[in-house]
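Everything below concerns the one structure shown next.
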Amino acid sequence: MKFKIPNSRFQIPNSGSVVVDTIEGQRTTDNRHFTIALAGNPNAGKTTLFNVLTGMRQKVANYPGVTVERKEGFWQLNGSENTARLIDLPGLYSLDATSLDEQIARDVLLGKVADSPKPNALIAVVDATNLERNLYLVIQLLEFKIPVVIALTMVDTAEKQSLEIDTDKLSHLLQIPVVRVKATQKQGIEELAKKVLQAAKTEATPNFVWLSNADFINNTDEDDIHLSLSDNTAANKKIFARYNFISDVYQEAVKPKDTLERSVSEKIDHILTHKFFGLAILIGILLLVFQTIFSWANLPMDLLDKGFGALGDFARAEMPEGILTDLLVDGVITGVGGVVVFLPQILLLFLFLSILEDTGYMARAAFLLDKLMSRVGLHGKAFLPLLSSFACAIPGIMATRTIENPKDRLATIMIAPFMSCSARLPVYTLMIAAFFAGQTVFGFLSLGAVLILAMYALGIMVAVIVAFILKRTILKSPTPPFVMELPPYRLPNFRTVFQNMFIRAGLFLKRAGTVILAISIILWALTAFPRISHQSSVISYQSATPENDEQQTTDSEQLKNSYAGKFGHIIEPVIEPLGFDWKIGVALIASFAAREVLVSTLSIIYNVGKEETEESASLINAVRDAKKDDGTKAWTPLTALTLMVFFVLAMQCMSTVAVVRRETNSWAWALFMVGYMTGLAYLAAFLTYQGGRLLGFG
Amino acid sequence: MNLTNLPIGTQAKVVAVNGNNAITKRLMEMGVVPGVSVRVIKSAPFSDPLEIRVRGYHLAMRKNEADAIEVSK
Ligand SMILES: Nc1nc2c(ncn2[C@@H]2O[C@H](COP(=O)(O)OP(=O)(O)OP(=O)(O)O)[C@@H](O)[C@H]2O)c(=O)[nH]1
Ligand SMILES: [Mg+2]
């Protein structure tokens with residue numbers, strides 16, 4: 001296998017876009033099936049508009065680079081008469097694309113993609129509060145003779161800033177239709193449909209002369225400003241000419257606001273990104289989030305836990321005794337339920353993440369911590385993919401498409417899974433609830449919140465070190481530049497926040513219903529087979545054990561002699577130095593499919609081998625009371641901590657491996673990631689456990 | 001004078017964007033062209049990166065990039 005650095009310029013992974021019937025041919029003229037694409041700068045409001053037009057629910061957030069792949073839906077243009085295929089695209093500042101996400105957008109816009117017809121017309125999504133820069137792309141599109149209709153977004157904000165835009169004049173000067181839209185209030189949608197339909201049918205494009213006219217370009221030099229467009233390349237001249245034109249248009253069509261007054265956004269920002277307090281505020285916000293997750297989620301979690309317990313008891317009572325009931329109760333309900341009880345924590349985490357994303361604070365956090373990123377040698381833009389990896393590494397890895405240099409992109413992909421994702425939360429929560437609950441630090445911070453923050457911090461620290469090493473060895477390249485737009489602060493939109501939260505929570509539940517369900521059934525089978533016959537075990541233990549312990553003995557004998565038990569004993573020597581017994585080992589191995597599986601496997605194992613006296617003890621108690629074969633406690637606080645450390649660092653997620661392979665187009669990188677992360681995890685867990693013992697814990 | 005040397009809070013006009021590479025091109029495409037006025041809003045902890053305001057929006061860039069932008073008051 002060869003480690004090749006994928007060149008993003010030539011390789012665009014298949015997007016996971018919605019599959020729609022492909023319409024053959026270039027620029028279909030069938031009136032009923034137009035193809036319309038959304039073009040615009042990052043964060044201009046393309047996806048917000050797309051969602052309203054198609055009724056779909058793609059992710060919207062207040063930072064540049066949210067959409068990184070092509071998405072398609074259907075838009076009813078006027079009643080049911082005309083339906084358009086609407087394409088949402090990543091944002092781009094210029095058609096001279098520099099990163100993978102921009103290339104994807106450019107290729108669709110210019111009709112260079114094989115499986116997508118050239119759009120009949122484009123909706124240029126233009127942020128009214130940021131008109132000049134947004135118009136740059138529009139001008140470029142017009143140069144390509146593509147029919148364009150401008151949808152002016154953020155007009156509500158522009159109005160508040162008393163920024164007056166004369167849309168008629170703008171339309172007249174650019175010779176294309178301009179429509180004000182307030183997507184969330186469904187205003188301007190009908191007019192937009194009308195204008196787009198017209199543009200698609202007539203294919204009319206304005207006839208500009210400014211670029212083909214060489215004189216015009218030369219004339220720009222007459223300005224009193226000394227122009228040293230170093231090297232005076234033709235490309236730079238073009239940029240300059242376009243902006244000259246835009247400035248003229250802007251001066252005629254816009255009555256600018258008084259720029260001296262500091263906006264509210266700037267005032268807020270003055271505090272939140274303060275030179276000295278900014279970092280403290282960032283840490284404070286995170287602590288508050290974790291603290292809240294713990295205190296709010298406890299009650300609903302207990303209720304869910306009791307609910308699943310009752311469900312299991314009910315099924316056990318109502319169904320005939322037998323293997324099918326065992327499968328349902330000990331496998332399905334215990335395994336899936338064990339994971340689903342953590343839904344409250346997950347929902348809260350996603351709620352807070354979504355709020356932070358929609359306020360615009362995320363981009364500021366990137367700004368605050370950029371010095372660290374540049375010391376490490378990472379691209380400043382790497383910060384946002386890493387942040388989104390706190391929900392799940394998969395969208396995080398996809399978001400690295402915004403990074404221009406393939407080596408920098410690869411370095412970011414390699415460290416993204418160190419960010420503690422939501423699948424680790426059930427594991428952390430279980431360990432903390434079982435061994436560190438109710439304790440506080442400094443009297444007011446819950447130990448749980450501090451420990452979780454420490455786990456997140458450990459992941460970040462290791463990521464930083466690994467990136468530092470990668471960037472100086474196999475991915476050696478100079479520290480990349482960083483230029484990033486900082487969006488204005490916005491009040492989080494209620495609908496956007498809840499939509500983002502439920503999309504993510506839906507994925508968590510889907511995993512519980514598919515991957516976790518399947519693994520639970522397999523694991524149950526591995527613990528339940530081969531079956532030792534009830535008869536023989538009764539006989540062999542009759543003399544040794546009192547009558548009332550008979551069932552328990554049978555159960556734990558069953559577990560010990562099952563396939564899982566045998567396998568657990570084989571690997572026990574490997575995990576013993578980490579303080580884990582074979583039961584934990586089985587759960588640990590199973591969790592390499594997906595991290596939450598640890599929780600469901602422990603549920604199943606402790607349930608199968610449970611004591612007769614316990615009806616349906618909660619998993620927390622089961623973990624606390626679990627015993628090793630020699631009768632000593634299987635878990636101590638030190639074991640719990642060791643397990644958490646292991647989970648911070650180990651690469652235990654099949655889906656992530658698959659995505660890394662796809663995005664890097666190489667199995668070598670994907671397997672390298674699994675190998676080095678898991679090696680690090682073992683080492684760190686070993687040091688934690690043995691170090692802890694030397695210090696007298698556990 | 002470079003943008004890096006511009007005191008925080010002051011406004012200046014861009015005179016030139018020096019160097020001819022992908023990042024200076026991108027800066028120009030984002031509106032930082034000769035003749036435009038810019039204002040330095042603030043710098044992050046450790047004085048890097050900078051936040052500037054140009055054409056009505058906010059742009060963050062590392063000092064390395066800001067060095068390429070020549071300004072005059
Ligand atoms: N005030 C206001 N906010 C809007 C409007 N349209 C979108 N937004 C907000 O602007 C931000 C960006 O919106 P998106 O739809 O994600 O922008 P996008 O163009 O798809 O961004 P990328 O996918 O990153 O290129 C979000 O916080 C939206 O809630 C609008 O008309 N008015
Ligand atoms: Mg988008």
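Since the structure is predicted, the reported quantities are computational estimates derived from the model, not experimental observations. Labels below follow one simple rule: chain letters A, B, ... track the order of the sequence lines, proteins then strands, and each chain is numbered from 1.
In terms of heavy-atom pairs under 4.5 angstrom with chain A, the leader among B:H58, B:E29, B:E51 is B:E29. Counting heavy-atom pairs under 4.5 Å between each of A:R364, A:H274, A:M484, A:E485 and chain B puts A:M484 at the top. Contacts with chain A were tallied for B:A60, B:A22, B:A44, B:G31; B:A60 has the most, counting heavy-atom pairs under 4.5 Å. Looking only at heavy-atom pairs under 4.5 Å with chain B, the residue among A:N134, A:D269, A:L279 that has the most is A:D269. Per-residue counts of heavy-atom pairs under 4.5 Å with chain A were compared for B:M61, B:K63, B:R62, B:K42; the largest is that of B:R62. When each of B:N21, B:N64, B:L59 is checked for heavy-atom pairs under 4.5 Å with chain A, B:L59 comes out on top. Highest contact tally toward chain B, considering only A:P487, A:P481, A:A363, is held by A:P481 [criterion: heavy-atom pairs under 4.5 Å].
The number of heavy-atom neighbours closer than 6.0 Å to CZ of A:R490, taken from other residues, nucleotides and ligands shown, is above 12.
Between A:L486 and B:Y57, every side-chain heavy-atom pair lies at or beyond the 4.5 Å cut-off. Side-chain atoms of A:L135 and A:Y250, non-hydrogen and from C-beta on, never get closer than 4.5 Å to each other. A 4.5 Å side-chain heavy-atom check between A:Q140 and A:L142 finds every atom pair outside the cut-off. The closest side-chain heavy-atom distance from A:F276 to B:P45 is not below 4.5 Å.
With a threshold of 4.5 angstrom between heavy atoms, B:S47 approaches chain A through its backbone and through its side chain. Looking at A:Y136, only its side chain comes within 4.5 Å of chain B, counting heavy atoms on both sides. Contacts between A:D127 and chain B at a heavy-atom distance below 4.5 Å are absent for every atom of the residue. At a 4.5 Å heavy-atom cutoff, the contact between B:L50 and chain A is made by backbone atoms alone. The parts of B:S43 that come within reach of chain A are both its backbone and its side chain, each placing non-hydrogen atoms under 4.5 angstrom from that chain. Interface remark: B:E65 contributes side-chain atoms only to the contact with chain A (heavy atom separation under 4.5 Å).
A perpendicular orientation is assigned to the rings of A:H379 and A:F482, their planes being inclined by more than 60° (bins at 30° and 60°).
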TODO: List the steps and the verdict of side chain to side chain contact (heavy atoms under 4.5 Å, CB included) for B:R55 and A:N130.
DONE: CA-CA 7 Å; B:R55 294 188 194 269; A:N130 196 345; 5.5 Å; no
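At least one test fails for A:R133 against the ring of A:Y93: distance under 6.0 Å to the centre or angle within 45° of the axis.
Checked by atom type and distance alone, the side chain of A:S247 pairs as donor or acceptor with a backbone atom of A:Y243 at under 3.5 Å.
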